[in-house]
Amino acid sequence: MKILVSTHQGKLYDEVVEYVVVHNTDGEFAIMNHHVPVVAVMDEGYVKLVRDQAEYFIAIVNGILEFHDDIVSVLAQEAHIGTNKDSAKMHLEEFRKERLNQNRKEQVDFTQKEKELREHLKNSKAGQL
């Protein structure tokens with residue numbers, strides 16, 4: 001079966017696997033070739049991929065999984081791959097913290113730029129005759 005995992009940043013994983021195990025808030029279930037169609041919501045969870053006796057884990061936040069015609073499609077807000085579920089979760093959390101810090105910095109920069117713009121408008125006496 002084929003699995004395709006995508007986020008808003010693009011494809012994260014696009015490979016052929018033997019089977020997957022899905023873990024979400026409802027529990028765990030496996031999907032193998034020729035499985036009945038499935039749709040699952042994943043607030044937080046992971047997808048375990050098994051290929052050539054190797055296991056990989058993709059930690060997922062706010063995603064949806066769909067399976068039909070031997071294709072697993074996962075669309076997630078955030079996802080990260082690792083060799084075990086703990087490393088995948090850890091890398092995902094590090095990425096989220098880094099992004100949060102960057103957003104905070106950009107917010108501070110925006111506030112500073114807005115303050116500078118007001119000062120420039122005041123000093124240029126724009127709008128006064």
Side-chain angles (χ1 to χ4, degrees):
M1 84 175 58
K2 182 175 178 142
I3 183 166
L4 172 63
V5 179
S6 299
T7 67
H8 66 283
Q9 296 172 331
K11 284 184 190 177
L12 176 67
Y13 195 82
D14 184 3
E15 296 287 333
V16 174
V17 296
E18 293 171 25
Y19 67 93
V20 300
V21 176
V22 179
H23 177 83
N24 63 6
T25 54
D26 295 330
E28 266 188 9
F29 61 93
I31 300 174
M32 302 183 80
N33 282 327
H34 313 299
H35 195 280
V36 297
V38 174
V39 174
V41 175
M42 303 181 72
D43 295 329
E44 284 193 25
Y46 63 85
V47 177
K48 175 181 162 183
L49 313 170
V50 179
R51 184 179 84 172
D52 300 327
Q53 298 180 354
E55 294 180 350
Y56 303 96
F57 290 80
I58 300 177
I60 302 215
V61 174
N62 296 331
I64 187 161
L65 177 140
E66 177 187 27
F67 175 80
H68 68 86
D69 298 329
D70 288 340
I71 299 173
V72 178
S73 299
V74 179
L75 182 60
Q77 182 180 5
E78 295 181 10
H80 202 286
I81 191 165
T83 54
N84 60 49
K85 66 181 174 185
D86 293 331
S87 71
K89 279 183 160 181
M90 183 181 70
H91 287 101
L92 181 61
E93 288 302 318
E94 287 173 4
F95 175 76
R96 293 179 85 192
K97 285 179 185 176
E98 181 181 314
R99 192 179 51 136
L100 183 61
N101 288 336
Q102 183 180 1
N103 287 346
R104 284 183 184 146
K105 183 178 183 258
E106 289 174 1
Q107 183 65 31
V108 171
D109 290 346
F110 178 74
T111 304
Q112 181 63 32
K113 296 297 181 190
E114 187 176 23
K115 182 179 175 184
E116 289 173 9
L117 179 62
R118 287 183 187 170
E119 287 180 26
H120 288 301
L121 287 172
K122 181 180 175 185
N123 292 339
S124 69
K125 298 181 182 181
Q128 296 178 358
L129 295 175

Visitor: Start with the C-alpha distance between Val20 and Phe67, add both sets of side-chain angles, then the distance that settles side-chain contact (heavy atoms from CB on, under 4.5 Å), and finish with yes or no.
Guide: CA-CA 11 Å; Val20 300; Phe67 175 80; over 6 Å; no
Visitor: Once rounded to the nearest 0.5 Å, what's the spacing between atom NE2 of His80 and atom CE of Met90?
Guide: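 Nearest 0.5 Å value for the NE2-CE distance: 9.5 Å.
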Visitor: In the structure I gave you, are the side-chain heavy atoms of Lys97 and Glu94 within less than 4.5 Å of one another anywhere?
Guide: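 Heavy-atom side-chain distance check fails, nothing below 4.5 Å.
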Visitor: Quick one: which of Val72, Ile58, Val21 gives a side chain to side chain contact (heavy atoms under 4.5 Å, CB included) with Leu49?
Guide: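 Only one option passes, and that is Ile58.
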Visitor: Does Asn84 use its side chain to pair, donor to acceptor, with the backbone of Asp86 at less than 3.5 Å?
Guide: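 A pair under 3.5 Å: yes.
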Visitor: Using the rule that Ile, Leu, Val, Met, Phe, Trp and Tyr join whenever any side-chain heavy atoms are under 4.5 Å apart, tell me whether Phe29 and Met1 fall into a single cluster.
Guide: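 Hydrophobic grouping puts Phe29 with Met1.
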Visitor: Locate the shortest heavy-atom distance separating His68 from Pro37; write the atom from each residue and the value.
Guide: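 Where His68 meets Pro37 most closely, the heavy atoms are CB-CB, 4.3 Å.
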Visitor: How many angstroms lie between CG in Asn62 and CD in Glu78, if you round to the nearest 0.5 Å?
Guide: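 One gets 8.0 Å once the value is rounded to the nearest 0.5 Å.
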Visitor: Identify whether Phe57 and Ile3 are in the same connected component of the hydrophobic contact network (ILVMFWY, side-chain heavy atoms under 4.5 Å).
Guide: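 No; Ile3 is not reachable from Phe57 via cluster members.
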Visitor: Is it the case that atom CD in Glu98 sees more than 12 heavy atoms from other parts of the structure closer than 6.0 Å?
Guide: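 12 or below, so no.
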Visitor: Quick one, Arg51 with Val16, criterion side-chain contact (heavy atoms from CB on, under 4.5 Å). Give me CA distance, side-chain angles, the key distance, then yes/no.
Guide: CA-CA 8 Å; Arg51 184 179 84 172; Val16 174; 5.6 Å; no
Visitor: Following the transitive rule for hydrophobic clusters with a side-chain heavy-atom cut-off under 4.5 Å over Ile, Leu, Val, Met, Phe, Trp and Tyr, establish whether Val38 and Val74 coincide in one cluster.
Guide: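 Yes, Val38 and Val74 fall within the same hydrophobic cluster.
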Visitor: Taking atom CD of Gln77 and atom CD1 of Ile60, what is their separation to the nearest 0.5 Å?
Guide: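 Nearest 0.5 Å value for the CD-CD1 distance: 12.0 Å.
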Visitor: Show your reasoning for whether side-chain contact (heavy atoms from CB on, under 4.5 Å) applies to Ile64 and Val39.
Guide: CA-CA 7 Å; Ile64 187 161; Val39 174; 4.0 Å; yes
Visitor: Checking Asp70 side chain against Asn33 main chain: does a donor-acceptor pair fall under 3.5 Å?
Guide: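 The answer is no, because no donor-acceptor pair under 3.5 Å joins these two groups.
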Visitor: If you draw a 6.0 Å radius around CE in Met32, do more than 12 non-hydrogen atoms from other residues or ligands fall strictly inside?
Guide: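 Counting neighbours around CE of Met32, 12 or fewer heavy atoms of other residues, nucleotides or ligands fall under 6.0 Å, so no.
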Visitor: Does Asp52 use its side chain to pair, donor to acceptor, with the backbone of Ala54 at less than 3.5 Å?
Guide: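 Checked: no pair found.
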Visitor: Hydrophobic clustering (ILVMFWY, side-chain heavy atoms < 4.5 Å, transitive) - are Val5 and Val61 grouped together?
Guide: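 Val61 and Val5: separate clusters.
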Visitor: First locate atom CD1 of Ile31, then atom OH of Tyr19, and finally report the distance between them rounded to the nearest 0.5 Å.
Guide: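 Between atom CD1 of Ile31 and atom OH of Tyr19 there are 12.5 Å.
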Visitor: What distance separates Leu75 CG from Leu12 CG, expressed to the nearest 0.5 Å?
Guide: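 Between atom CG of Leu75 and atom CG of Leu12 there are 11.5 Å.
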Visitor: Are there more than 12 heavy atoms of other residues, nucleotides or ligands under 6.0 Å from atom OH of Tyr13?
Guide: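 Yes, enclosed.
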Visitor: Check this for me: does any side-chain nitrogen of one of Glu114 and Arg118 sit under 4.0 Å from a carboxylate oxygen of the other?
Guide: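 Salt bridge flag = yes for Arg118 with Glu114.
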Visitor: In the structure I gave you, are the side-chain heavy atoms of Lys48 and His23 within less than 4.5 Å of one another anywhere?
Guide: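 No, side chains not in contact.
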Visitor: Measuring from Glu66:CD to Leu4:CG, what's the distance to the nearest 0.5 Å?
Guide: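 Going from CD on Glu66 over to CG on Leu4, the span is 11.0 Å.
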